[in-house]
Amino acid sequence: MNFIALQSTDLPPGQRFDWWCDLISHDVAPTRITSDHTDDFRAAAGTVELNDLRITTMSFPELRSERTPALIRRSDPEMYELTLITGGEMWISQAGKDARIHAGDLVMWETSHPYDGRSLEGTSRAMILHLPKARLPLPVKKVDELLARRMPARAGMAAIFAHYLRSLVRQTSSMALADVRRLGTLTLDLATAFIAHRLNAQDRLPPETRQQALRVRIRAFVEHNLADPHLSPSAIAAHHHISVRYLHLLFQRPETTLMAWIRQRRLENCHADLADPQLRAHSIQDIAARWGFTHATDFSRSFRRAYGMSPKDHRHSMLDSP
């Protein structure tokens with residue numbers, strides 16, 4: 001199992017808060033936690049291991065978390081905690097700065113300096129990417145400029161990174177363990193590229209990290225524009241201010257070309273839509289056009305080659321069978 005989920009409700013009410021405090025001290029860093037809900041602390045946590053990186057998901061009621069100088073002296077894992085807020089509101093203070101953060105925001109703090117964090121009214125939910133400070137190829141003083149700053153993740157590089165974190169956590173249960181662990185390098189590259197982007201320090205990144213970040217931006221662009229029948233290498237390259245030749249080099253893989261991958265993603269979306277009862281009223285050609293196929297014959301031929309049956313037969317087998 002790649003995603004390990006834990007819930008306080010598996011324990012008697014009187015043990016739940018202590019369990020949570022121990023969990024945070026082990027998975028994040030030794031922290032002093034106080035709450036008005038200690039009598040029946042309802043919380044949940046999950047973990048995805050990515051070699052020396054780790055993602056922790058959390059859900060918890062109102063509380064206060066303090067990392068004091070004494071706790072830092074006791075133990076310091078030397079981590080940056082890059083956090084996506086997925087529900088509720090929180091407040092954090094560190095390094096002379098403070099921020100109120102909402103669902104859809106990113107925020108970062110680190111374990112080597114005191115901090116004070118509070119979850120506000122209701123249940124809060126978050127995903128924390130634990131980044132070893134030694135693995136970031138950026139100056140510590142520069143990275144520290146981002147501590148306790150609200151970083152909205154609704155557009156641009158932040159949105160791409162937030163979407164990646166959500167997708168990674170959602171998909172790990174269906175992935176092989178070796179594949180999940182290989183994603184550690186990609187996750188580190190994306191986090192590093194996001195941080196560098198926020199600091200306008202992209203020129204300090206290793207070439208491999210810059211290339212990996214660019215690939216992710218291009219993939220996100222392609223996914224967003226699959227319905228455009230004019231999506232082509234030249235259009236993709238122009239949007240990202242690179243040459244077509246460099247675009248093909250970025251996506252040079254022995255098993256497929258860039259356009260073959262785009263066609264595959266379009267077919268996968270059509271395959272899913274044709275099996276969706278809510279789309280029964282839409283014709284097969286409407287669904288094909290929805291994902292960028294402008295010629296019915298080409299779509300039917302490609303679909304049969306990919307799935308061993310016609311689009312009509314696939315729809316019938318999924319929607320009309322008893």
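Reckoned from all heavy atoms, side chains included, excluding hydrogens, waters and symmetry mates. Numbers for residues simply follow the sequence, beginning at 1. This structure is a prediction, so every number in the text was calculated from the model and none was measured.
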Looking at side-chain heavy atoms only, is the closest gap between Leu50 and Leu168 below 4.5 Å? yes
Hey, are Asp313 and Arg315 close enough for a salt bridge, meaning a charged N less than 4.0 Å from a carboxylate O? no
Out of curiosity, does Leu84 fall in the hydrophobic cluster containing Ile195 (side-chain heavy atoms, cut-off under 4.5 Å, transitive links)? yes
Would you call the rings of Tyr307 and His314 parallel, tilted or perpendicular, where under 30° means parallel and over 60° means perpendicular? parallel
Whether Phe161 and Tyr164 hold their rings parallel, tilted or perpendicular, with breakpoints at 30° and 60°: parallel
Indicate the ring-plane relationship of Phe299 and Phe293, choosing parallel, tilted or perpendicular according to the 30° and 60° boundaries. tilted
If we only count heavy atoms from C-beta on, is the Trp291 to Asp273 side-chain gap below 4.5 Å? yes
Flag the pair Glu66 and Arg32 as a salt bridge only when some basic side-chain nitrogen lies within less than 4.0 angstrom of an acidic carboxylate oxygen. yes
Could you check whether atom CZ of Arg245 has more than 12 heavy atoms from other residues, nucleotides or ligands sitting under 6.0 Å from it? no
I want to check something: taking the side chain as every heavy atom from C-beta on, are Arg42 and Arg16 in contact at a cut-off of under 4.5 Å? yes
Exam field: side chain Glu89 to backbone Glu121, donor-acceptor pair closer than 3.5 Å: no
Go through the side-chain N and O atoms of Asp76 and Thr111 and say whether any donor and acceptor fall under 3.5 Å apart. yes
Over all heavy atoms of both residues, which pair between Thr192 and Pro137 is shortest? Give the atoms and the distance, please. CG2-CD, 3.5 Å
Counting only heavy atoms not in Asp10, do more than 12 fall under 6.0 Å of its CG? yes
A quick test of your reading: do over 12 heavy atoms of other residues, nucleotides or ligands sit less than 6.0 Å from NE2 of His102? yes
Between Leu53 and Gly184, what is the shortest heavy-atom contact and its length? CD2-O, 3.8 Å
What pair of heavy atoms forms the shortest contact from Leu106 to Ala153, and how long is it? CD1-CB, 3.9 Å
Please examine the side chains of Ile218 and Phe251, heavy atoms only from C-beta on, and report whether any two atoms are closer than 4.5 Å. yes
Are any of the side-chain heavy atoms of Ile92 and Asp116 separated by less than 4.5 Å? no
What heavy-atom pair brings Leu190 and Met157 nearest, and what distance separates the two atoms? O-CE, 4.3 Å
Joint hydrophobic cluster, Val48 plus Leu165, side-chain heavy atoms closer than 4.5 Å: yes
With side chains defined as the heavy atoms from C-beta onward, is the minimum distance between Met318 and Leu274 less than 4.5 Å? no
Kindly indicate, with the supporting measurements, whether the criterion side chain to side chain contact (heavy atoms under 4.5 Å, CB included) is fulfilled by Gln7 and Trp19. CA-CA 10 Å; Gln7 297 187 49; Trp19 166 80; 5.8 Å; no
Examine distances only and state if a side-chain atom of Arg118 and a backbone atom of Met90 form a donor-acceptor pair shorter than 3.5 Å. no
Can you see whether Trp91 has Arg64 sitting over its ring - NZ or CZ less than 6.0 Å from the centre and within 45° of the normal? no
In sequence, state the C-alpha distance, the side-chain angles, and the governing distance for Lys97 and Trp109, and then conclude on side chain to side chain contact (heavy atoms under 4.5 Å, CB included). CA-CA 11 Å; Lys97 302 186 293 288; Trp109 69 92; over 6 Å; no
Taking Ile236's backbone N and O only, do any of them form a donor-acceptor pair with His240's side chain (distance below 3.5 Å, no angle check)? yes
With a 6.0 Å cut-off on ring centres, are His37 and Phe17 close enough? no
Answer yes or no: does atom CG of Asp22 have more than 12 heavy-atom neighbours from other residues, nucleotides or ligands under 6.0 Å? yes
Could you please spell out the steps behind the side chain to side chain contact (heavy atoms under 4.5 Å, CB included) verdict for Glu62 and Leu120? CA-CA 5 Å; Glu62 298 99 318; Leu120 306 178; 5.9 Å; no
Taking the side chain as every heavy atom from C-beta outward, state whether Leu279 and Arg290 have any pair of such atoms under 4.5 Å apart. yes
Verify the cluster assignment for Ile55 and Met151: are they in a single hydrophobic cluster under the rule of side-chain heavy atoms below 4.5 Å apart? yes
With a 4.5 Å heavy-atom cut-off, do Glu81 and Met79 have their side chains touching? yes
Checking Arg280 now: which residues fulfil salt bridge (charged side-chain N to carboxylate O under 4.0 Å, His left out) with it, not counting sequence neighbours? Asp320
Check Gly88 against Ile85 and note the closest heavy-atom contact, atom names and distance. O-CG2, 3.9 Å
Of the non-hydrogen atoms in Arg150 and Arg100, which two are nearest, and what is the gap between them? CD-O, 3.5 Å
Going hydrophobic residue to hydrophobic residue with side-chain gaps under 4.5 angstrom, can you get from Leu82 over to Ile101? no
Is a donor on one side and an acceptor on the other found under 3.5 Å between the side chain of Ser8 and the backbone of Ala43? yes
Going by distance alone, is a donor N or O of one side chain under 3.5 Å from an acceptor N or O of the other, for Tyr80 and Asp144? yes
